[in-house]
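First up is the structure itself, then whatever we jot down about it.
Numbering of ligands and ligand atoms starts at 1, following listing order. For clarity, every value in this text was computed on a predicted model and none was experimentally measured.
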Amino acid sequence: MPLAATVARVDVPADPRAGWGLPAPGSLPPLAELEPLVTRVLAPNPSPMTLDGTNTYVVGDPGSGQAVVVDPGPDDAAHLDAVEAALSARGARCVAVLVTHHHGDHAEAALPWGRRFGAPVAAASAAVAGPGGRLLEPGERLRLAGTSVDVVPTPGHTADHLAFRLESGAVLVGDHVLGRGTSVVTHPEGDVVAYLESLRRVHDLGPAALYCGHGPELTEDPLAVLDFYLAHRAYREHQLLAALEHGAATVEELVAVVYAEVPRSLWPYAAQSTRATLAKLRAEGRVAPGPGEAVRLT
Ligand SMILES: [Zn+2]
């Protein structure tokens, strides 16, 4: 069957952020007050995957004397100093540590800093929250630090991923949406179908801004970014189907075709996203196991 008959044509989606004048990679300020409720502290762990580094958010009503720390990030002394300085500048003590997901670049400092602050750790996974911690329920509303924080389930990047919606309408999205580029659906833990549902769930909130786990805050048109993420996933799936149609059969062959324009250092992550998309296509009955490690179109 010709490709056109099996795969709807999908254009390369345009990234709406290209025209927004966002800070260049590596130039995110180490400290930024994003709105009265939120200060962002940049962790010193830049890399191709963490972009400028992990964004740690200090959130609270400025008059409350309290704040929550969201995604403390790496357990790094200089980063702890910077977060404590941000708390002091707000005249706030930390009353809870919230974590979007279990990856170390977000969660490593959660338990040690929680102990230091005398504050519980709250997350979707028991391993992150620790023995004295709090397991967060999808959809619950936390009343903390003079404000409210809605717990938004956003599985996909990982199974335990949460986003946090603030009273201002801004959403802390962790690794669900990045300030630059697109996110990885990990494999085998991640789930492309869940990821797409989570993108639509955040879209339906009509976020006033997206405060990402890495990279700049997205304030100009958050819905356009979420639309782009959905279109990007559809485009990658289309490319994968086209590559299979043209004879690529193993994950390595598919990555070499579909991610040809992506630096090779990122191909291990591209392979995870590819395996995750193949799992979705297998579940839909559109691909089947081939000989050995190969897959084929059905
Ligand atoms: Zn992550």
Same apolar cluster (I L V M F W Y, side chains within < 4.5 Å links), Val38/Leu142: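 Same cluster.
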Going by distance alone, is a donor N or O of one side chain under 3.5 Å from an acceptor N or O of the other, for [X] and [Y]?
X	Y	result
Thr50	Ser47	yes
Glu217	Tyr57	no
His157	His103	yes
His106	His214	yes

Considering just N/O/S atoms, say which atom of [X] is closest to the Zn ion (ligand 1).
X	result
His101	NE2
His103	ND1
Asp175	OD2

Checking only N/O/S atoms, does Asp105 have one that is under 2.8 Å from the Zn ion (ligand 1)?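 False for Asp105.
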N/O/S of His161 less than 2.8 Å from the Zn ion (ligand 1)? no
